[in-house]
Amino acid sequence: MFRSPGVPTPDELEARITELRAAVRRAMAAGDRDGARGLRAELRDAERAWDDAVLGDAPAPAAASRNEDRRGLQPVREQVHQALTLLGAPAAPKLIGTVYAAFFPGEIPGQRLASLRRDEERSFRTAPYARPYYLCAALTADMLAPARGLLTVSTWPLERRIVGPLSPRADFLTSAIRLAEHAERGTPSPDARRLLWRFASTIPGAATGTVGTVEPAALAAAARAELDVHRDRDLRRRESAARRARDRLDDAQRLFGSRLRAVRESGRPAARNAAPDPAHDRETDG
Amino acid sequence: MSALSSLARVQAAAAGIAQPLATVRHCHLADAPLVLVPLKLAGEAAAPLAVMVGSGPGDPTLLAVPQPRNRDLRFAFAASLATIVLKHVETSRGAVEELPPGKDGDERIRYGDAPQLLVPNRGGVAFLRLMGRSTRFRSTEGQYAVDPAVPVLGRWLTWFADRFDHPGSSLLGAMTELLRLHWTTGQSSLEDGNLAALVGWIDPPDGLDGPSAAARAEDPVLCPPAGPTTDPTFDNEVLAPAIASYDRSGGDPRAEERLRAVLADQLTPTWELMWRAVGLLRELPEGASVPKRWERDRDAFTHYHQTFGEAYPQARRDAPVRAARRLHDLERAQDAYDAQRAFDDPLVMAEYRLGGQAFGGTVTDADPARLDETGKRPKLRPLLRVATQDPVRLDEGTTVCNAARPGLKGKIVEIGDGTVLLELTGGMGRKLTPEPGAVPEVGDRVCFTSLTEGSFGVAKFPDREDTPWTHGGPPGEYVPTAEDAEEAWS
Amino acid sequence: MTETAPDLSRLRGGAPPRNHDARTIAALTSNPGCARRGVMDAAAVDKDAVARALGFPAPFGQSQFAITRGNAFEAQIKADGCAELLALLRDRLGLTVPEVAYDDLESVAGNDARELRHSRTRRLVAQALESGDGTLFDHPLLRLEIAGHPAYLEPDVLAFQLAGRLHVIEIKSFAVVDGQAEPEQVAAAARQSAVYVLALRGLVAELGHDPARVSHDVFLVCPENFSNRPTATPLDVRPQLAVLERQLTRLVRVDDILAELPADLSFELGEELATSVRAVEARYAPDCMSGCEMALFCRDEARACGRTGALGRSVRDDLGGVDTIGTALALADGSLPPSDDLAETAEQLRTAARLRAEALGGALGGVA
């Protein structure tokens, strides 16, 4: 095998990799983040060079293409809309993803969900009402601000899109009922059965049979019974907040919420507040 | 800790090298112990990451879980580990010894040998215990079926971990604890938990002394921790990227190989240390009681092996009577173990001399033929005066025995002014004149102690069906439930 | 207090005070006899930065696997309106079905400024105490004054309406296997939770209510066995609270220590740093390694001075409190005549040395 002069041998590369790994770890242990970042980049280069020298061209990773297939052909916003429509209540991206995977063909790519609400808001502000629906925020009942990490559909009545202190539970029960009823109409997949079990295990009286199995009708009945306890109190709060929102908020705010822009802690970059909901980003990235 | 061992620690610190705490080896050391160096994934109770295992320094096997969060891969790992551990168990039985039949005429046997597992530290023992707990209830049928060897491994690991709690047992050893039994370093016991630092103090590499070898051992980049916890910078900078690239590769064997390579880098230094430590222990002559304790280990092994087929996996919690009996057994074993070590080893006996429960010195006066004729029949009762500088804290009338030959017993007649007067009462033969050499002569150096082996009596415990109501009454027979078997391992 | 504050900020040499959290506040309770730690903590010196500048960075790194696991478990417990947490509290602790209210205090209308979050926490806790509104408060922000500086503290969850009292709920990702968890981890969780209880009691008192409405029982939520299924364990943190309260009052009394120190002392990073740090006496013990960022520096110093305490508190005690290795050895070999108060110790050390030498010399071995 010929090697052009100056190209390091695999042994040299290995020594280099060992050296760089040690250097990165030392930099991190000493709290030198910038130094570590530079070294880390060098390390990745050296690892790639080693891969090329020793392993040659890697075959196209099989897993990635399989994921592509599983995603299905629908745009992400369509998928999210379907899942939310089935759930019938504000939901976190994680639940939306699980519900879609359990009841629809394919999966919603996680990283796309993270930026979805921002994209929707941008689209609405550029051309209001150009689309038949938007995926938008749930609003907190007290401040009419976007609730952290919840998605809703713009065509829902405002009351449904507003969340008070009792709403997370009420919505969870509403979703349980709707998923159970949907499951009753067909033969639920193993993923769907697992999801229903997850719901049933946290609702009193919903898990009747053996551990891990759930009777959709029993789940729906138990969820209805608990929902009866919370519904009126929850609804009163949501309705009064919705009235306030109609009075005070413009269209865009009604969909994406109003933010506290005036108050700002000193020392924080100003851009942080103007950016569309950093708290939400943090949640979905994790 | 005592003034004696603390003094040794100070001496070690001043000398820059470990000091002996024992003159003989107090543990059994198999010819080919099974050494295991386990690593687990940080943040998880017992998610195995890798283990280096084998019974010879030149023959390690590396088992690794390329994605420790994947349940199937974990159980595949458990199955491979089971193959190695169970083979070691089965090949360590030796020839069968026939024993005299038991009280009710039962046939009794004892295996000629038993398996020995060695891990680097207490963390390694805890890991095997949890690994045992997480695998012994697995079902080999149904939806989450595992390889049949997995629950068998779980039961054996649980058994080994139980025996570890038994003072004086050598079936499972934590290397740091074994070394600390024989040497003291000039650092704190916290730092002794680092196997590399400990070995560095005992046997520093060329050109280094104890403190510099220990300082080198504390650098996780030069000297990977002995596990089961990995170094965080290794996790973040080396392991996580390697696992991520394995995940992305879609099962590319080369990605797995790279991951194995970085894990091997972490494990190999500890693997080598383990065998160096085995070598250090082997250089010490075996203590006189070690074979006797190993015989108890062989008994325990024989019993567990013989009844394995009929027994259920060990319960999650002991029933009250069993727990009380176990505690009592452990206390008795501790008592006997402490005494045996003292009789085997003058350096351990020195602790009792410092504490006043033993004294050593020179015989200054002896009347070996003295008879006590006050009773119906004359009895041989030689008198012995021993000059000692030790701080004797024994009462007159206390029964003592000779440390070098515990059969030779006596009673303290008088203590005072640097001497102890003893009346010897037994261990000199049956005649009215002592067997030759049985009674120490003037000028001999002797050591006597009130310590006895097994002063702790056997307590009686109710049978399980008679468990008192204060302890919940008789417990139900333990039968593993479906829930035990289905318990998620995620 | 007011007089000390300027002195304390001078000690930092212009660096901003370090932000305390529950872990660092809990660490204040260890090694109360150490003046160095006392002064540096009271002045909110960034000990991590100081230790690094001295060339002894604290080895307190965390593995990303542990962090990820912790975050994932907490997210799971809190998902879908804290569904799993509610089920657990109902099942184990008798929370009634109507008690499901959930308030997210991690940000206020998209803004996560600390003052905002704290004032909202105050408002909701006040409401809860007065009208009984509210059940679960997610990531409330509490305040505790540490030597004149506010520290912001963020418990995982507060639960109200368990027998009319507020409870701190701490979510930890270490496993509870057959009812047992690793004792050190439970102890650390108890110390941390005690800090939250103390801060919350302070708030309740400020709002004009009885501080006892904050329970000393905190609930530790951990994964059960080897699963992700949560289990709740009540933890009585009264002992930790008592220690914490005592140490925090002591912290205020650093004036006495300060009075003894040079007037221009400062821990500003720079050439003088090591000298300044050494000017304040430390009392290093191996336990320091588990909690104090300065531990490696102090260990090095203690070893260089031949301190017996560096070998462990029990070693020092066994040696009758003798402080240095040199003295202990000199007493043991008789080269140093003991003072009266050390006579007994010296006697014991001489005997110990003689017995060791005898046993190692084999003088008694094998002689009948």
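Throughout, protein chains are lettered first and strands after them, A, B, ... in sequence-line order, and every chain is numbered starting at 1. This structure is a prediction, so every number in the text was calculated from the model and none was measured.
For D345(B), no part sits under 4.5 Å from any heavy atom of chain C, backbone or side chain. Residue T23(B) touches chain C through its side chain alone, counting heavy-atom pairs closer than 4.5 Å. Neither the backbone nor the side chain of A285(C) comes within less than 4.5 Å of any heavy atom in chain B. Residue A403(B): no heavy atom, backbone or side chain, is found under 4.5 Å from chain C. Residue contact with chain C, scored on non-hydrogen atoms closer than 4.5 Å, involves the backbone and the side chain of Q389(B) alike. Only the side chain of L190(B) comes within contact range of chain C, with heavy atoms under 4.5 Å apart. Contact of P391(B) with chain C is made through the side chain alone, with heavy-atom distances under 4.5 Å. When heavy atoms are compared at a cutoff of 4.5 Å, L41(B) approaches chain C solely by way of its side chain, counted from C-beta outward. The part of I243(B) that comes within reach of chain C is its side chain, from C-beta onward, which places non-hydrogen atoms under 4.5 angstrom from that chain. Within the 4.5 angstrom heavy-atom criterion, atoms from both the backbone and the side chain of Q11(B) approach chain C.
Between chain B and the options I67(C), T68(C), L319(C), the largest number of non-hydrogen pairs under 4.5 Å is found for L319(C). Listed options G179(C), G61(C), S173(C) were ranked by heavy-atom pairs under 4.5 angstrom with chain B; first place goes to G61(C).
Figure legend: R299(C) and F56(C) shown without cation-pi pairing, the cationic atom not lying both under 6.0 angstrom from the six-membered ring centre and within 45 degrees of its axis.
Evaluation of the side chain to side chain donor-acceptor pair (under 3.5 Å) rule for T324(C) yields T327(C) as partners, not counting sequence neighbours. Evaluation of the side chain to side chain donor-acceptor pair (under 3.5 Å) rule for T351(C) yields no partner, not counting sequence neighbours.
Electrostatic pairing of K172(C) and D156(C) does not count as a salt bridge here, judged by no charged N lying under 4.0 Å from a carboxylate O.
R316(C) places no side-chain N or O within donor-acceptor distance of the main-chain N or O of D323(C), the cut-off being under 3.5 Å. In this structure, the side chain of R353(B) does not engage the main chain of P346(B) through any donor-acceptor pair within 3.5 Å.
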| Steps toward salt bridge (charged side-chain N to carboxylate O under 4.0 Å, His left out) verdict (R9(B), D192(B)) | CA-CA 12 Å; R9(B) 207 171 263 276; D192(B) 284 347; 3.1 Å; yes
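Using a 3.5 Å distance cut-off with no hydrogens or angles, the side chains of N225(C) and S227(C) do not pair a donor with an acceptor.
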